[in-house]
J.: 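The structure follows.
Both backbone and side-chain heavy atoms feed into the values below; hydrogens, waters and symmetry mates do not. Below, read A as the first sequence line, B as the second, and so on, with proteins coming before strands; counting in each chain starts at 1.
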Amino acid sequence: TSNETKNDGGQTKVSEGKNAAPGKNVTIGFSAPAADHGWIGAITANAKAQAAKYSDVKLLPVDAGKDAPAQIAAIESLIQQKPDAIVLLPNDGAQLTAVARKAMEAGIVVINLDREFSDPAASFALIKGDNYGMGVSAGHYIGRKLKGRGDAVIAEVAGIDTLQLTKDRSKGFADTLATYGLRVSNRVAADFTVPGGQAVTANLLQAASKIDAIWNHDDDQGVGVLAAIKQAGRKEFFMVGGAGSLDAMDHIAAGDTPLEATVTYPPTMASSAISLARLAVQGKGLDDLVELQVPKLIVLQSETVTRSNVDRYRPLGFKS
Amino acid sequence: MKRTLGLVAVLVALLVVGAVTRPDIFGDTSKLWQNELTVLTLASAIGIVTVGMTFVMIGGGIDLSVGALLALASVWCTTVATQSYGVGGVIFSALAVGAGAGFVNGLLISYGRLVPFIATLAMMVAARGLAQKISGSRTQINHVSLINDLASEKILGVPYIVLVFAVVVALGWVLLNRTTFGRRTVAVGGNAEAARLAGINTRRHTVLLYALSGLCCGIAALVVVAQTTSGSNTNGDLYELNAIAAAIIGGTALAGGRGTIVGSLVGVLIFSQIANLFTVNNLPTETQRIVNGAIIVGAVLIQQFRLADLRRRPKLST
Amino acid sequence: MKRTLGLVAVLVALLVVGAVTRPDIFGDTSKLWQNELTVLTLASAIGIVTVGMTFVMIGGGIDLSVGALLALASVWCTTVATQSYGVGGVIFSALAVGAGAGFVNGLLISYGRLVPFIATLAMMVAARGLAQKISGSRTQINHVSLINDLASEKILGVPYIVLVFAVVVALGWVLLNRTTFGRRTVAVGGNAEAARLAGINTRRHTVLLYALSGLCCGIAALVVVAQTTSGSNTNGDLYELNAIAAAIIGGTALAGGRGTIVGSLVGVLIFSQIANLFTVNNLPTETQRIVNGAIIVGAVLIQQFRLADLRRRPKLST
Amino acid sequence: MTRLDAEAMVTSNDGLADDPLADDRPAGGDRPADDRPAGDDVVLRLAGVVKTFPGVRALDGVRLEVRAGEVHCLLGQNGAGKSTLIKVLSGVYRPDDGDIVWQGRHVHLANPQAAMKAGIATIYQELDLVDDLSVAENIYIGQEPHRAGFVRRGEMRRGAGEILTRLGHPEIPVGAEVGRLPAAAKQIVSMGRALSRDAKLLIMDEPSAVLAQDEVSNLFRVVRDLTAQGIAVIYISHRLEEVREIGDRVTVLKDGRTSAVNLDARSTPTRDLVSRMTGRTIEYVFPPRPPEPTRRGEPLLLVDRITRRGEFEDVSLTIHSGEIVGIAGLVGSGRSELLETIYGARRPDAGRVLSNGRPLRPGDVAAAVRAGLGMAPEERKSQALLLGEPVYRNITLATFRRFAAAGFTRSARERAAAAAVADGLQLRPRDVDRAVGTLSGGNQQKVVVGRWLLGDVSLLLLDEPTRGVDVGARAELYQMIRRLADDGVGILLVSSEVPEVLGLSDRVLVMREGRLVHQASAEELDEDSVLDLVMAGSLLEGDRV
Ligand SMILES: Nc1ncnc2c1ncn2[C@@H]1O[C@H](COP(=O)(O)OP(=O)(O)OP(=O)(O)O)[C@@H](O)[C@H]1O
Ligand SMILES: Nc1ncnc2c1ncn2[C@@H]1O[C@H](COP(=O)(O)OP(=O)(O)OP(=O)(O)O)[C@@H](O)[C@H]1O
Ligand SMILES: [Mg+2]
Ligand SMILES: [Mg+2]
């Protein structure tokens with residue numbers, strides 16, 4: 001990658017308060033889909049790094065396999081090993097609900113990471129990014145800049161259309177644009193891959209000879225989107241990214257591409273999930289909150305990274 | 001026969017690898033039993049699909065739409081409207097959608113004279129799109145508990161879906177080896193023109209073969225719905241490739257006319273056992289993949305080892 | 001020949017659909033030219049892969065590893081170490097990795113006597129794993145600007161990568177139709193036994209065919225690196241399926257012995273044009289898929305329309 | 001009209017014990033295998049050649065000696081090992097044991113390239129062409145004239161044209177795709193390839209099986225041409241009259257062993273040849289015709305003015321129960337197409353076919369089979385056999401449903417029925433569980449015809465039923481066909497061997513260029529008159545049926 005920043009410092013964190021003190025030993029099982037995407041790769045890496053920071057935590061990572069049934073089997077074999085907690089990023093929330101409930105019934109603290117189970121009782125706590133909120137943040141950034149221009153051409157490069165999260169992002173985006181009297185005029189879906197982003201964008205740029213703004217759901221595929229834009233020699237619009245990769249932040253800082261901002265969907269949630277699991281098992285709450293237990297639901301803000309604040313966010317950027 | 005023995009040897013070799021790397025699981029009878037039940041459970045859906053694929057392939061065709069048909073059937077049978085008819089409605093709709101789509105494949109190939117690869121590729125794309133449309137890309141929860149019980153309830157310690165798998169395999173074996181339908185399948189795939197001139201209605205038979213494959217996808221969809229308690233348009237991803245690979249490893253000829261149900265079964269179990277070994281040994285994905293490639297090559301080489309005498313027959317190597 | 005004409009008719013029909021649905025683009029010569037250049041650009045990588053695939057298929061084989069080899073070559077040639085050798089190092093490593101892995105495929109199939117489907121499937125899995133391992137699943141940015149320029153720079157208004165594509169197609173045509181290598185490819189695929197009896201070293205030829213396919217993957221990897229300014233282990237996803245489908249649509253027989261480079265080219269362009277039509281018309285994904293399935297079926301039916309006379313040959317219907 | 005005479009059966013050694021040539025043991029390399037001292041002109045000498053396949057000893061110590069410039073004929077029953085022997089000679093199989101001396105040197109022919117390099121060219125029994133290549137490309141396959149890897153297409157086409165002209169077939173277009181050529185033309189191309197190799201030994205494995213009479217004489221002209229240049233030819237055929245006409249010396253194989261070497265092709269009595277092949281005496285025999293023409297009532301089959309444009313036109317014919325009707329004609333006269341159309345394998349452009357007075361659905365084989373029709377097609381490999389399946393399943397391919405109960409097959413019964421057919425046709429080896437692809441060519445042909453001897457067909461269409469079948473089995477086959485007719489089955493027979501058509505049929509139809517030009521009872525015709533009819537220049541209205 002283009003930047004040698006040692007960004008591990010921003011991806012994990014141990015509080016300075018009394019919660020940092022080692023307590024009862026905790027074994028945490030961890031399962032996330034196979035990493036062939038930068039964001040998922042960062043999730044797994046962060047979970048491992050965070051667990052390594054605690055002397056009282058032992059991590060049992062199991063590969064989730066390629067689909068929901070395989071992940072169910074993996075969780076079942078994990079249950080056999082009786083960890084204290086399981087941090088679970090499911091292939092599909094609804095499909096993994098039953099097995100998560102089974103783990104809870106076996107007395108294991110399940111922390112649901114990002115993709116939500118269909119039954120709240122299947123997890124002790126849920127920490128997730130805000131897909132709808134991403135769309136909202138992107139919508140606000142673009143809406144503010146194009147306010148009052150009802151004829152503005154706004155394009156959207158979505159991720160994998162067969163996924164619920166893509167629907168949520170698009171809905172947040174459309175809803176927010178509507179409050180500015182704007183709408184999406186061209187929408188394409190890539191597949192969260194660089195070549196996918198390049199291909200659909202190349203076609204998109206043919207479809208619309210003049211564009212005012214583009215929102216790209218995913219900074220991984222954004223590498224391809226930016227390549228297509230450069231190859232077409234188009235400059236008349238600005239672009240907003242999604243997720244918050246390091247590469248995207250570098251471009252925002254340098255201002256060398258139409259990419260002006262990106263809305264975050266931080267993989268650091270995996271680090272936080274490990275911390276939550278440890279606290280829950282040890283029966284501790286969050287330091288700054290009054291309650292004796294960790295909250296049931298944490299939804300991360302989708303923050304907007306622009307040139308003015310990019311330096312603060314850079315440590316959180318993940319390598320695509 | 002010899003070929004299947006070679007395959008079983010590969011399977012045993014995999015278990016030995018398990019015993020060496022994880023003696024705590026593979027050395028303890030009850031844990032081994034549990035583990036192998038997991039292997040069988042995971043093999044069920046793809047295994048049922050592979051039975052149908054084996055028929056299609058022996059009959060000289062190929063069915064790329066199986067994964068998509070599974071997804072479509074799983075989505076269809078978990079729509080709210082269908083679930084309101086209860087367990088009968090769910091089962092019927094899964095089987096009907098699978099068999100119906102397979103029937104269309106068969107018509108396109110037999111009467112539309114499309115190459116099977118293209119016809120079923122088109123069906124694959126279209127069926128996934130339809131599944132997406134019906135489900136709105138949402139995972140649909142199944143509330144018919146009798147279906148979900150298939151995965152969670154056991155009889156004599158064996159999960160129901162494993163039994164379903166066993167029944168499908170047994171029926172498949174009988175159908176292929178003991179019925180006129182099976183005989184016709186071999187004839188159509190071995191030499192379509194000869195079969196036709198011997199008075200076999202090869203077109204109708206081809207239609208039936210694809211419908212059978214679709215039916216298997218419907219059954220497999222029910223298994224997946226039971227396992228995941230839901231239907232989703234992402235189900236059955238890459239099943240087409242895995243089913244074809246399992247069948248070929250099991251000795252089915254891509255060119256048709258040759259293949260066995262037992263071979264396909266063992267092929268599926270080999271893939272399932274490999275995946276299980278990776279998980280219990282906690283190998284990272286990239287290593288899994290590299291090793292997987294080597295194992296596949298090794299398995300086929302081992303299996304061919306006893307076949308030196310058959311090599312002279314040029315047809316066999318294709 | 002007639003078959004190719006039918007395909008060209010399909011392509012023209014797609015352009016007509018474009019003209020009806022988006023007259024603003026397809027009616028304006030310069031915009032149409034730009035748009036079709038985009039179609040060609042996007043067809044370049046898969047098109048180059050399809051040229052190699054066409055050779056393998058005419059030679060009676062199949063290569064499922066093309067997408068993975070493309071990914072592996074793209075990752076390999078964008079590693080920091082390789083990039084430090086400059087443009088020569090990048091190009092050499094992409095081509096060498098592709099051809100080398102293809103060579104291994106060929107050895108496994110020719111001398112290891114593995115079925116092509118299985119050998120290349122194993123290679124596909126292993127090569128993706130290796131690509132993942134090398135890249136650490138990260139997208140590797142390419143800093144060799146001469147490579148990136150291939151996608152952004154033009155000569156007479158035509159992007160360099162389109163020229164690369166055109167050169168590969170032209171060379172492929174000459175190789176298939178004008179050289180002993182090409183004629184022997186047809187012989188090996190059409191009747192391997194006859195080729196052997198006629199004194200052709202069929203094994204060596206098979207090795208060369210897979211190495212050629214791998215080489216094409218290496219070239220395509222460079223095209224993808226130029227287009228995306230990066231190498232990634234996710235590159236070339238599903239290229240195997242698309243390349244095979246394009247070749248078959250273009251008239252290449254899955255059983256070998258028959259096929260043309262021009263047919264494959266038109267097959268690729270049809271798929272690329274369909275994707276373009278969907279995007280310029282802003283169709284939602286699920287509709288795209290359903291329509292795509294229908295178009296594939298329709299295209300083949302149109303193309304077969306003129307072929308009534310060929311139907312009597314039983315070979316064709318399989 | 002001779003019947004097989006059980007008493008006359010003798011083994012070759014009993015009958016010819018005094019013959020010094022009757023040596024069926026492997027000969028030591030030191031022992032001259034000829035009555036004359038071996039001259040310099042012996043180009044090839046084999047001794048003690050052994051080749052086994054799983055379960056079969058196909059060659060069990062074979063001797064052979066071939067001189068330059070001679071036509072050396074190989075005779076032997078189906079499955080005797082002739083094709084295996086020539087495959088050993090052309091490097092396709094490696095012998096398990098034995099000695100090959102080629103041009104005075106011991107050689108190992110490890111692969112076909114080696115044999116070709118040594119100057120041995122082969123025309124195999126099964127066509128070995130690539131359908132998707134052109135005629136010229138097929139002729140030069142593997143040794144295309146080229147410069148720097150580029151095929152010199154002009155040179156290749158010219159060369160191919162010259163070779164085809166030499167073969168008497170300048171009309172075959174060198175650029176045509178071979179797959180589209182009729183079988184006879186393919187055979188010519190196959191010969192053209194062998195000729196293109198400048199061989200010193202040319203091996204022909206049943207080249208005349210797919211040729212009509214006029215083509216055979218053309219072939220012989222070419223062979224004489226070659227031998228005159230000192231090229232040796234090994235010629236395999238089941239037609240003794242061909243051996244007489246073209247052969248110089250004969251070697252006979254029986255059960256993988258040499259039962260006689262270097263007999264004189266012209267003077268050795270037929271009786272001797274046959275008995276050395278089969279171990280018994282047979283004359284080339286047709287069963288007697290029933291005394292009265294047995295035409296009663298309605299015809300079994302009525303073909304009413306059917307036409308397929310470009311193949312045949314306006315053909316009408318009838319077949320009655322118990323009647324054998326033969327069709328004579330040149331290759332390419334449209335007989336096979338006619339049969340396939342009657343059978344529903346092709347759809348006629350006009351006309352109709354009635355079976356027992358009821359019209360058959362055009363283009364529907366299954367319907368024809370249900371109505372009691374059966375057809376043994378012309379090309380066994382592509383049209384009739386499942387090569388990887390056991391013999392019994394090939395024999396019951398059209399009847400397994402009748403053996404089945406409620407959709408479940410009954411293999412034991414099928415096996416028993418198939419074994420009975422195999423016995424009747426002298427299948428060799430008599431093992432019905434063996435994959436049919438491992439049988440010799442003639443034995444495969446027996447399976448194709450045997451399929452329809454099972455079960456209850458009422459009308460049998462036979463297209464070249466004896467192609468590649470040896471003399472002994474042929475007589476058996478004729479008997480069985482006649483017996484079927486006596487049982488009331490109607491038979492329509494197509495054969496390129498005019499004597500066969502004349503000898504076996506009750507009634508003969510002559511076809512030329514897609515039209516029926518003559519019809520007569522078999523007694524009224526002789527070979528010459530039939531040949532005159534099929535080759536006549538223009539059609540005469542009055543001649544038509
Ligand atoms: N590939 C094979 N595998 C097993 N057995 C074989 C194979 N090829 C030939 N045989 C057996 O070897 C014997 C000799 O066969 P071959 O083909 O040489 O006979 P042939 O004399 O040419 O007969 P025909 O006159 O019918 O052509 C037969 O019994 C045959 O079944
Ligand atoms: N030399 C030739 N070149 C091109 N087409 C030919 C040639 N000879 C025949 N044909 C065509 O091929 C078809 C007949 O082929 P085929 O050899 O099967 O005829 P047939 O009458 O069945 O002869 P047989 O039964 O002796 O093989 C006819 O349609 C005829 O027009
Ligand atoms: Mg033979
Ligand atoms: Mg014929």
Side-chain angles (χ1 to χ4, degrees), chain A residues 1-3 34-42 44-45 155-156 158 160-162 166 170 184-209 219-233 245-247 250 318-320, chain C residues 22 24-25 28 31-32 34-39 41-42 45-46 70-71 74 80 128 131-132 136-143 148 150-154 159 161 224-239 272 275-286 288-289:
Chain A
T1 51
S2 56
N3 198 301
D36 43 15
H37 181 254
W39 187 85
I40 297 268
T44 305
E156 182 182 1
I160 299 177
D161 251 350
T162 53
T166 300
S170 289
V184 175
S185 41
N186 292 77
R187 183 179 182 283
V188 289
D191 47 13
F192 282 153
T193 66
V194 177
Q198 195 267 345
V200 296
T201 309
N203 274 327
L204 170 71
L205 296 177
Q206 291 306 320
S209 51
D219 287 337
D220 278 311
Q221 71 187 18
V223 175
V225 175
L226 288 175
I229 291 169
K230 176 156 183 273
Q231 283 146 20
S245 76
L246 198 54
D247 185 59
D250 286 343
F318 61 94
K319 293 189 191 174
S320 43
Chain C
R22 286 295 301 260
D24 55 325
I25 296 176
D28 171 337
K31 276 195 183 161
L32 178 62
Q34 282 309 320
N35 188 55
E36 293 310 305
L37 277 184
T38 305
V39 170
T41 312
L42 291 179
I46 181 75
L70 191 160
S74 82
V80 179
R128 283 247 180 246
Q132 213 175 332
S137 296
R138 279 172 222 284
T139 304
Q140 302 184 144
I141 309 291
N142 170 47
H143 299 291
N148 290 347
L150 284 179
S152 43
E153 299 295 310
K154 298 181 178 184
I161 54 175
V224 170
V225 168
Q227 277 176 306
T228 63
T229 68
S230 61
S232 155
N233 61 330
T234 60
N235 278 340
D237 195 29
L238 290 186
Y239 269 33
S272 191
N276 174 261
L277 277 183
F278 285 149
T279 308
V280 298
N281 281 299
N282 223 347
L283 285 193
T285 320
E286 56 265 36
Q288 279 189 23
R289 293 198 170 168

J.: Under 3.5 Å, sequence neighbours excluded: what are the donor-acceptor pairs made by side chains of residues 195-204 of chain A?
T.:
from      : atom 1 : to        : atom 2 : distance (Å)
Gln198(A) : NE2    : Gln231(A) : OE1    : 3.0
Thr201(A) : OG1    : Gly197(A) : O      : 2.5
Asn203(A) : OD1    : Asn276(C) : ND2    : 2.6

J.: With chain C as the partner, which of Leu226(A), Val188(A), Val223(A) has the greatest number of non-hydrogen pairs under 4.5 Å?
T.: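 Ranked by heavy-atom pairs under 4.5 Å with chain C, first place is Val223(A).
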J.: State the CG-OG1 distance between Asp191(A) and Thr234(C), to the nearest 0.5 angstrom.
T.: 7.5 Å
J.: Under 4.5 Å from any heavy atom of chain C, what part of Ser209(A) do you find: side chain, backbone, both or neither?
T.: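 Contact with chain C is through the side chain of Ser209(A) alone.
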J.: To the nearest 0.5 Å, what is the distance between NZ (Lys230(A)) and CD (Gln227(C))?
T.: 13.0 Å
J.: In terms of heavy-atom proximity below 4.5 Å to chain A, should Thr285(C) be classed as side chain, backbone, both, or neither?
T.: both
J.: Under the salt bridge (Lys or Arg N to Asp or Glu O under 4.0 Å) test, which residues partner Arg187(A), sequence neighbours left out?
T.: Glu156(A), Asp161(A)
J.: With side chains defined as the heavy atoms from C-beta onward, is the minimum distance between Thr193(A) and Asn235(C) less than 4.5 Å?
T.: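 They are not in contact (no side-chain heavy atoms under 4.5 Å apart), so the answer is no.
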J.: Let's go through Arg289(C) and Thr162(A) carefully: what are the C-alpha distance in whole Å and the side-chain angles of both, what is the deciding distance for side-chain contact (heavy atoms from CB on, under 4.5 Å) to 0.1 Å, and is it a yes or a no?
T.: CA-CA 11 Å; Arg289(C) 293 198 170 168; Thr162(A) 53; 3.6 Å; yes
J.: Please flag which part of Ala226(C) lies under 4.5 Å from any non-hydrogen atom of chain A: side chain, backbone, both or neither.
T.: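 Contact with chain A involves the backbone of Ala226(C) alone.
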